[in-house]
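Inspection log for the structure reproduced underneath, given as structure tokens.
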Amino acid sequence: MTVRTEAGLGNLFGQGLLLAGRNIRLNSIADTVSTMVIFPIIFVFGFLALFGNLLRVRGIDYAQFLPPAIVVQWMFSVAITAAFFAASDRRSGMLARYRALAINRGAVVVGRMAADSVRALLAIAVIVATGYVAGFRFQAGLPAALGFVALSVAFALTISAGTSALGLASRDPESVSSTLHVIYLPLLMVSSAFVPADAFPGWIEPVVRHQPVTAVLDALRALAEGGPTAGPVVKALAWLAGLLAVFSAAAVQAFRRAT
């Protein structure tokens with residue numbers, strides 16, 4: 001028997017929004033508040049207390065330097081959450097049910113992306129507001145501030161495509177989450193997230209400068225601080241475009257195998 005798929009843009013976005021609501025509701029209010037609200041605040045003020053004076057000696061305003069790093073850190077958290085729920089849906093049989101339902105196949109992707117975008121925007125809002133209390137400012141005006149938000153969300157969605165591929169290949173959400181934490185922490189720590197690249201030993205500094213997390217961080221800081229932004233933003237977008245092409249292909253193949 002052939003199951004009819006409801007096609008068309010109206011169904012794509014209407015069904016996608018319904019699935020986005022379902023994906024958002026999977027997180028309890030308590031989990032959302034702790035993960036996307038309380039923890040980012042703790043990290044902003046915690047790192048300021050640890051490194052603020054140390055970096056001030058180097059002439060760095062750490063209240064301006066730090067918030068983009070916390071944003072990137074929490075975009076990784078959004079992506080890991082996406083992988084966790086992808087694995088949960090496979091284990092529960094929800095993915096197979098999507099294939100049997102008369103829905104637009106693209107609505108599953110739209111629903112996932114919309115839910116991840118909402119989580120990302122919530123985290124960005126909390127981190128930027130906390131940063132403003134500490135002294136962070138968008139010094140290049142509203143367009144650059146909107147670019148900061150857009151690039152942050154684009155980073156979250158790009159990484160989510162890769163983590164979702166891993167989640168779709170597994171039936172163990174907890175194992176996927178643990179594995180991704182092991183992967184993302186070295187990427188974050190060996191970057192310019194918390195200290196400038198020139199603060200690293202010389203032998204590893206080239207790696208720090210030329211990896212995608214640093215490229216995104218450089219672009220976010222340029223958008224926040226003003227000055228030349230085209231070069232850092234183009235470099236970050238080139239990294240994201242390449243990663244998205246690879247991760248999307250992997251996610252599509254994983255979805256086909258999972259269903």
Side-chain angles (χ1 to χ4, degrees), residues 20 23 35-36 39-40 43-44 47 64-86 109-110 112-131 136 138 140 143-167 177 180-181 183-194 197 207-225 229-251:
N23 292 335
T35 304
M36 297 299 170
F39 285 171
F43 270 77
V44 170
F47 275 101
Q64 188 70 24
F65 184 87
L66 178 64
I70 306 300
V71 166
V72 166
Q73 181 181 11
W74 249 260
M75 297 307 97
F76 273 116
S77 179
V78 169
I80 291 173
T81 300
F84 180 90
F85 287 124
V109 177
V110 171
R112 180 77 269 156
M113 291 177 62
D116 292 343
S117 297
V118 169
R119 293 190 179 100
L121 288 170
L122 174 61
I124 294 166
V126 171
I127 295 164
V128 169
T130 306
F136 175 77
F138 285 112
L146 294 176
F148 179 101
V149 174
L151 181 61
S152 300
V153 175
F155 177 73
L157 295 180
T158 298
I159 301 302
S160 291
T163 59
S164 294
L166 183 59
S177 181
L180 288 171
H181 276 93
I183 294 172
Y184 108 83
L185 282 173
L187 280 173
L188 188 68
M189 300 308 294
V190 186
S191 75
S192 63
F194 303 114
V207 176
V208 175
R209 290 188 181 278
H210 301 294
Q211 61 122 311
V213 176
T214 294
V216 173
L217 285 163
D218 289 346
L220 292 177
R221 288 177 177 135
L223 289 167
E225 296 171 5
T229 59
V233 170
V234 168
K235 183 178 179 180
L237 291 176
W239 265 112
L240 294 185
L243 291 172
L244 184 61
V246 174
F247 290 163
S248 296

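Residues: numbered from 1 along the sequence shown. All values derive from a computational prediction rather than experimental measurement.
Taking CD1 of Ile124 as the reference point, atom CZ of Phe148 lies at 7.0 Å (rounded to 0.5 Å). For the atom pair CG (Asp116) and CZ (Phe85), the distance works out to 10.0 Å, reported to the nearest 0.5 Å. Here the CG atom belonging to Leu244 is positioned 11.5 Å from the CG atom belonging to Leu237, to the nearest 0.5 angstrom. Between the CG atom in Leu151 and the CE atom in Met75 there is a gap of 11.0 Å [rounded to 0.5 Å].
Counting heavy atoms from C-beta on, the side chains of Ser117 and Leu157 come closer than 4.5 Å. Side chains of Thr130 and Pro40 form no contact here, defined as non-hydrogen atoms less than 4.5 Å apart. The shortest side-chain heavy-atom distance between Phe194 and Gln73 falls under the 4.5 Å cut-off. Between Ile159 and Ile80, the closest side-chain pair of non-hydrogen atoms is not below 4.5 Å. Within the 4.5 Å cutoff, the side chain of Arg209 has no heavy atoms near those of the Asp218 side chain. A 4.5 Å side-chain heavy-atom check between Val126 and Trp74 finds every atom pair outside the cut-off. For the pair Phe247/Ser160, no side-chain contact is recorded, criterion being any heavy-atom separation below 4.5 Å from C-beta on. The shortest side-chain heavy-atom distance between Leu122 and Val118 does not fall under the 4.5 Å cut-off.
For Phe84, the ring-ring contact (aromatic ring centres under 6.0 Å, His included) criterion is met by no residue, not counting sequence neighbours. Residues satisfying the side-chain contact (heavy atoms from CB on, under 4.5 Å) test with Ala83, not counting sequence neighbours, are Thr163, Val176, Leu180. Qualifying ring-ring contact (aromatic ring centres under 6.0 Å, His included) partners for His181, counting only residues two or more places apart in sequence or in other chains: Tyr184.
Taking the six-membered ring for Trp and the full ring otherwise, the centers of Phe155 and Phe76 sit less than 6.0 Å from each other.
Contact between Ala219 and Ala236 at its shortest, heavy atoms only, is CB-CB, 3.8 Å. Considering all non-hydrogen atoms of both residues, Pro232 and Thr229 come closest at CD-O, 3.3 Å. The two residues Leu220 and Ser152 make their nearest non-hydrogen contact at CD2-OG, 3.5 Å.
Although no hydrogens or angles enter the test, the distance criterion places a donor-acceptor pair under 3.5 Å between the side chain of Gln211 and the main chain of Leu187. Here the side chain of Thr214 pairs a donor or acceptor atom with the backbone of Val208 at under 3.5 angstrom.
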